[in-house]
Amino acid sequence: MILSEKPAILSGTPIFNHPVPIARPALPRFDDMAEEFNRVLLSGDVTNGSKVKQFEKAAAAYLGVEHCVAVNSCTSGLLLTLRSLGIKGEVILPSFTFFATAHPVIWNGLTPVFVDCEPDTFNLNPAEVERLISEKTGAILAVHMYGNPAEMGQLEKIANKNKIPLILDAAHGFGSKYQGTLIGRYGSAEVFSLSPTKTVIACEGGLVATNDGVLARLLRAGRNYGDPGTYDPDLVGINARMSELHAIVALHSVRGVEEDVRQRNVIAQKYIERLSKLPGLTFQRILEGNRSSYKDFSILVDEREFGIGRDLLCHALKAEGIMTRRYFYPPVHRLKVYREYYEVCKDRLPYTDRISNSVLSLPIYQKLNAEVDGICSAIERIWRYLEEVKRKVGSQP
Ligand SMILES: *Cc1c(COP(=O)(O)O)cnc(C)c1O
């Protein structure tokens with residue numbers, strides 16, 4: 001019986017002899033795409049062609065939004081969205097996020113204004129956004145953290161009242177629902193990532209969803225160096241085109257998103273059910289009526305209540321063959337390339353620091369099901385042998 005055994009970090013037998021990765025992309029089978037690949041290669045029309053259009057149409061139909069513009073990454077999608085909307089001055093955004101949320105702000109010569117997140121949802125705090133808005137604010141850039149929908153009602157109200165665009169980094173949000181409505185039609189634009197750890201995958205890719213036809217037209221030009229087809233660019237664009245081969249993968253992937261998100265929710269509930277029995281472990285709050293995509297499943301480890309901290313738990317789980325990640329540590333305002341913004345915001349981000357210092361993302365992906373029990377058992381037995389684990393690690397040089 002696993003439970004009576006010592007954890008692997010104390011020389012017990014690891015629960016998994018093959019490492020369980022943190023994420024595993026649910027990719028379509030080659031055989032299901034082979035004919036389409038072949039047709040594209042034979043046609044010579046290999047980028048930004050009919051497959052990209054077909055994917056954009058399928059995504060727009062699924063999301064219930066007027067326009068979808070496929071690009072080669074979420075980062076380039078955000079970059080082009082900020083550029084196309086002509087944003088000036090400051091952009092309000094969370095620091096508790098992946099740094100690719102913030103980089104496009106810098107690339108556009110804009111100033112990031114980092115705002116704290118909420119302690120329970122880990123999303124941008126609307127009251128703090130309102131407090132920090134000034135005449136210099138050019139846009140609000142919110143994130144659906146791990147797929148948990150940002151507080152769209154309040155954020156849209158604040159953006160409308162101040163007549164500034166609201167842009168969503170929806171990298172985690174494909175398949176998420178805010179009050180029953182799929183993420184993708186909120187704000188001025190929502191920008192998805194289709195890279196391998198996300199819920200819809202193109203291998204590499206991004207997608208901008210918007211109901212603004214003018215913006216969509218500029219984005220289409222923008223991804224092609226700004227050229228709308230006249231050889232006289234409408235804006236200083238970049239090459240952010242999606243290839244036809246990537247579009248085929250994305251097209252197959254988007255058909256599976258409902259099932260993917262359904263399974264992730266089942267896994268998340270299993271984790272919550274078992275781990276909530278241990279002291280000092282808490283979970284992201286998904287508000288009533290919302291659905292998270294659970295692109296990631298992250299727990300907070302309270303060192304005092306649980307007995308050991310996040311980093312030691314991560315270390316002990318690795319010995320069990322369980323890969324975890326500290327998404328997102330350090331927070332953006334503490335990264336060296338954001339040094340010049342640190343002083344002004346360091347004292348107003350208490351929850352960002354607290355969450356970032358105690359968060360641990362556990363493996364989650366379709367077909368993880370069988371392993372969830374083993375992962376929970378590992379955490380339970382590490383907790384049961386806390387004192388020995390601490391002593392052992394404390395005695396190491
Ligand atoms: C993955 C991710 C991105 C970047 O997506 P790419 O498609 O790799 O550019 C941006 N923001 C967040 C929050 C992400 O997790």
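Numbering of residues begins at 1 and proceeds along the displayed sequence.
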Handout entry: Contact check, side chains of N224 and R220, non-hydrogen atoms, under 4.5 Å
Key = no
Practice task
Drop me the distance from S292's OG to Q284's CD, to the nearest 0.5 angstrom.
Solution key: 6.0 Å
Problem - Close side-chain approach of E90 and S134, heavy atoms under 4.5 Å - result: yes
Practice task
Please say whether more than 12 non-hydrogen atoms of neighbouring residues, nucleotides or ligands are located less than 6.0 Å from NZ in K270.
Solution key: yes
Exercise for the section: Evaluate the side-chain contact (heavy atoms from CB on, under 4.5 Å) criterion for residues F174 and L194: first the C-alpha distance (whole Å), next the side-chain angles of each, then the deciding distance (0.1 Å), finally the verdict. Expected result: CA-CA 9 Å; F174 223 118; L194 311 174; 4.3 Å; yes
Exercise for the section: Look at the side-chain heavy atoms of Ile, Leu, Val, Met, Phe, Trp and Tyr, link any pair under 4.5 Å apart, and say whether F297 and V261 land in one connected group. Expected result: no
Exercise for the section: Decide yes or no for V40 and L245: does some side-chain heavy atom of the first lie under 4.5 Å from some side-chain heavy atom of the second? Expected result: yes
Practice task
Taking the side chain as every heavy atom from C-beta outward, state whether L93 and D169 have any pair of such atoms under 4.5 Å apart.
Solution key: no
Handout entry: Minimum heavy-atom distance I375-Y271, with the two atoms named
Key = CD1-OH, 3.3 Å
Problem - Reported CG-to-CD distance for the pair L287 and Q179, which is rounded to 0.5 angstrom - result: 7.5 Å
Handout entry: Within-4.5 Å side-chain heavy-atom neighbours: T181 and M152
Key = no
Practice task
Salt-bridge test for E371 and R24: reply yes if a basic N is under 4.0 Å from a carboxylate O, no otherwise.
Solution key: no
Problem - Spacing of OG1 belonging to T111 relative to CD belonging to E340, to within rounding of 0.5 Å - result: 8.0 Å
Problem - Derivation and outcome, side-chain contact (heavy atoms from CB on, under 4.5 Å), residues C314 and L317 - result: CA-CA 5 Å; C314 167; L317 285 172; 5.9 Å; no
Practice task
Could you tell me if the ring centre of H252 sits under 6.0 Å from that of F55?
Solution key: no
Practice task
Could you walk me through whether R274 and D373 pass the side-chain contact (heavy atoms from CB on, under 4.5 Å) test, one step at a time?
Solution key: CA-CA 9 Å; R274 278 200 54 189; D373 280 325; 3.0 Å; yes
Practice task
Considering only NZ, NE, NH1 and NH2 on the basic side and carboxylate oxygens on the acidic side, decide whether R39 and E35 come within less than 4.0 Å.
Solution key: yes
Problem - Side-chain heavy-atom pair V191, V71 within 4.5 angstrom cut-off - result: no
Practice task
Keeping the roles fixed (side chain from S253, backbone from V200), state whether a donor-acceptor pair exists under 3.5 Å.
Solution key: no
Exercise for the section: Using a cut-off of 6.0 Å, state whether more than 12 heavy atoms not belonging to Y351 lie near its atom OH. Expected result: no
Exercise for the section: For the pair E56 (side chain) and A70 (backbone), establish whether a donor and an acceptor sit closer than 3.5 Å, ignoring hydrogens and angles. Expected result: yes
Problem - F98 vs Y327 side-chain heavy atoms within contact, under 4.5 Å - result: no
Handout entry: Where T47 and S243 come nearest, the two heavy atoms and their spacing
Key = OG1-CA, 3.6 Å
Problem - L79 reachable from V91 in the ILVMFWY side-chain graph, under 4.5 Å edges - result: yes
Practice task
Give the C-alpha distance, both sets of side-chain angles, the deciding distance and a yes or no for side-chain contact (heavy atoms from CB on, under 4.5 Å) between T199 and R264.
Solution key: CA-CA 10 Å; T199 50; R264 287 168 182 270; 3.7 Å; yes
Handout entry: Over all atoms of both residues, closest heavy-atom pair of P28 and V249
Key = CG-O, 3.8 Å
Exercise for the section: Determine, for E130 against K161, whether the closest basic-nitrogen to carboxylate-oxygen distance falls under 4.0 angstrom. Expected result: yes
Handout entry: CA sep, side-chain torsions, deciding dist, call: Y385, R391, side-chain hydrogen bond (donor to acceptor under 3.5 Å, both in side chains)
Key = CA-CA 10 Å; Y385 283 84; R391 229 174 297 134; over 6 Å; no
Handout entry: Salt bridge K390-E387, side-chain N to carboxylate O under 4.0 Å
Key = yes
Exercise for the section: Verify, without hydrogens or angle tests, whether R304 (side chain) and G280 (backbone) share a donor-acceptor contact under 3.5 angstrom. Expected result: no
Problem - Side-chain (R83) to main-chain (G237) donor-acceptor, under 3.5 angstrom - result: no
Practice task
Answer with yes or no whether the hydrophobic clustering places L85 together with I164; edges join I, L, V, M, F, W, Y residues whose side-chain heavy atoms lie under 4.5 Å apart.
Solution key: no
Practice task
Given salt bridge (Lys or Arg N to Asp or Glu O under 4.0 Å), test E118 with R285 step by step and report yes or no.
Solution key: CA-CA 10 Å; E118 295 178 315; R285 179 164 172 228; over 6 Å; no
Handout entry: F283 side chain near I299 side chain, heavy-atom distance below 4.5 Å
Key = yes
Problem - Distance in Å, L155 CG paired with L141 CG, rounded so as to fall on 0.5 Å steps - result: 11.0 Å
Handout entry: Approximate separation, where rounding is to 0.5 Å, of L166 CG and I158 CD1
Key = 9.0 Å
Exercise for the section: Could you tell me whether R354 atom CZ has more than 12 heavy atoms of other residues or ligands within 6.0 Å of it? Expected result: no
Practice task
Show your working on side-chain hydrogen bond (donor to acceptor under 3.5 Å, both in side chains) between E259 and Q263 and close with a plain yes or no.
Solution key: CA-CA 6 Å; E259 179 57 17; Q263 291 200 31; 2.9 Å; yes
Handout entry: Backbone N/O of G187 and side chain of E156: donor-acceptor pair under 3.5 Å
Key = yes
Completion exercise
Nearest heavy-atom contact between K346 and D353 is O-OD2, 4.4 Å
Problem - Separation between CD1 of I133 and CG of N162, rounded to the nearest 0.5 Å - result: 4.0 Å
Problem - Side chain S95, main chain V332, donor-acceptor under 3.5 Å - result: yes
Handout entry: Side-chain donor or acceptor of E244 paired with backbone N/O of G49 under 3.5 Å
Key = yes
Practice task
Before giving the answer on ring-ring contact (aromatic ring centres under 6.0 Å, His included), spell out for Y338 and H103 the whole-Å C-alpha distance, their side-chain angles and the decisive distance to 0.1 Å.
Solution key: CA-CA 9 Å; Y338 287 89; H103 287 0; 5.7 Å; yes
Between side-chain atoms of residues 360-367 and protein atoms elsewhere (two or more places apart, or another chain), which donor-acceptor pairs fall under 3.5 Å?
unit_1: S361; atom_1: OG; unit_2: S298; atom_2: OG; d: 2.8
unit_1: Q366; atom_1: NE2; unit_2: D260; atom_2: OD1; d: 2.8

Exercise for the section: Could you tell me which non-hydrogen atom of P112 sits nearest to which non-hydrogen atom of L110, and how far apart they are? Expected result: CD-O, 3.6 Å
Exercise for the section: Using atom types as modelled and distance alone, determine if a side-chain donor or acceptor of S73 lies under 3.5 Å from a backbone N or O of G206. Expected result: no
Handout entry: Exercise: identify the closest heavy-atom pair between N123 and P149
Key = ND2-O, 3.1 Å
